[in-house]
Each structure stands twice: as structure tokens, then as C-alpha cells.
Amino acid sequence: MEASTSTRSLLKKRASDWDLALSAAAAAGQERDYRFIAKAVDEAYRAVECGGGNPFGAVIARGDEEVACNKLGRIDLSDCEIYASCQPCPMCLRLIRLSKIKKVVYGAKAQVAAAAAGFSSSIPDAFVEYYQKSGIEIRQAEGEAARIAEEVFEKTEGRFQTK
């Protein structure tokens, strides 16, 4: 009975340690997402402030470094990720596929951008199916990163270029 109690105690400790490690990894992932989404959001604000753009921005990252295709001297970005202020449209997603990027992290859902531009806030089922069949890991950032991305569309709502 003694061995059984100590084994259970050890297993509980290991489970607790595992939970702490997972929490730390999730926090580190959210921190990284926030850092790159914040840069994409800055690009989105810049696009609006220049007068001819809409509030969309993106940053390509390799590891912990922000990179650009011309800096790398190639268009094969299979070792990179893209962080975007908004869920990519099918045209943007096609370009992401052509560059062989395997992971997309976005801040605001496409419905938020569509509503801010004065369009129906629903996304056609064909778009959703296209995302699912793309073979690319696509996910929304969580917490503060998603909030600051959605805020871009709220703050620039009247300045969308729809024509």
C-alpha cells in the first residue's frame, strides 16, 4: 500500500509539472504571437495613414526574426510563418501557399473586417472550405493580440477604400 501511495503522489507531481510546462509554453506562444501581431497591426495603421490603403498588415517571421522575401533572396518561405492583422482572404491565402508558408496566425476574423468595410459580416462557406483544404495551419491569435487587431478595424472603420 505504501508503494502505491508514493507512486500516486509521484504521478500527481509529474502531472502538475507537465501542466506548468504546458502553461509556460502556451504563455510563450501567446507572447510571440502578440509581438508579431503587434507589428502587423502597426503595418495596418501605416496602410491607412498613407491615404490609399485599408487596415491590413502582415509580418513574415523565421524563428524569432522578422524577415522579408527580398532580404532572404528567395520566394520559398517554407521555413517561415506569417502573422497578419486579419484572417487572409482567398487571394492572399493563395499567395501564402505559393510561397510555401506552412503557418498563418491572424488577429481579427474576416467578419470583423467585412463589417467595418460595410459588407455583410458573413463569410461564404466556400472560403471556409478553401481554408480547410489549403494544407496550411491557420489559427487566430488569442487574448490581447486578437483584441488589438480587431481594434484596428474599429478605429479605421470610416476610412476603408471600397472602390
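- E154 contributes atom CD, which lies 9.5 Å from atom OG1 of T156 (distance to the nearest 0.5 angstrom).
- Aromatic pair Y34/Y83: ring centres not closer than 6.0 Å.
- Side-chain N or O atoms of N54 include none that pairs as donor or acceptor with a backbone N or O of F56 at under 3.5 Å.
- For the pair E65 and I60, the minimum side-chain heavy-atom distance is 4.5 Å or more.
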Checklist entry - For E137 and V104, what are the C-alpha separation, side-chain angles and deciding distance, and is it a side-chain contact (heavy atoms from CB on, under 4.5 Å)? => result CA-CA 6 Å; E137 178 188 344; V104 176; over 6 Å; no

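- Annotation: side chain of I138 is in contact with side chain of Y106 (closest heavy-atom distance under 4.5 Å).
- One N or O on the side chain of Q140 and one on the backbone of G107 form a donor-acceptor pair closer than 3.5 Å.
- Distance CD/E31 to CZ/R35: 8.0 Å, rounded to 0.5 Å.
- In this structure, the side chain of S85 engages the main chain of G57 through a donor-acceptor pair within 3.5 Å.
- Distance check: E144 CD to E151 CD gives 8.0 Å after rounding to the nearest 0.5 Å.
- For the atom pair CG of L77 and CG of D79, the computed distance is 7.5 Å after rounding to the nearest 0.5 Å.
- The pair R147-E150 does not meet the salt-bridge criterion, since no charged nitrogen lies less than 4.0 angstrom from a carboxylate oxygen.
- In this structure, Q87 contributes its side chain and A110 its backbone to a donor-acceptor pair below 3.5 Å.
- Nearest heavy atom pair, residue V152 against residue P55, reads CG1-CB, 3.3 Å.
- Of all heavy-atom pairs spanning I101 and I136, the tightest one is O-CG1, 3.8 Å.
- For K100, the NZ atom is loosely surrounded, since the number of other residues' heavy atoms within 6.0 Å does not exceed 12.
- Salt bridge annotation for K102-E81: absent, with no cationic side-chain nitrogen under 4.0 angstrom from a carboxylate oxygen.
- Here the straight-line distance linking atom CG of L93 with atom CG of L98 works out to 10.0 Å at 0.5 Å rounding.
- In this structure, the separation between CD1 on I82 and OG on S99 is 7.0 Å, given to the nearest 0.5 Å.
- The nearest pair of heavy atoms linking I148 to A145 is CG1-O, 3.3 Å.
- Contact check on R46 versus E43 returns a salt bridge, with a Lys/Arg side-chain nitrogen under 4.0 Å from an Asp/Glu carboxylate oxygen.
- C80 and V67 make their closest contact through SG-CG2, 4.1 Å (heavy atoms, listed as atom of the first residue, atom of the second, distance).
- Here the closest heavy-atom approach between residue I37 and residue A141 is recorded as CG1-CB, 4.1 Å.
- Residue F153 comes nearest to C86 through the heavy atom pair CZ-CB, 3.7 Å, listed as atom of the first residue, atom of the second, then distance.
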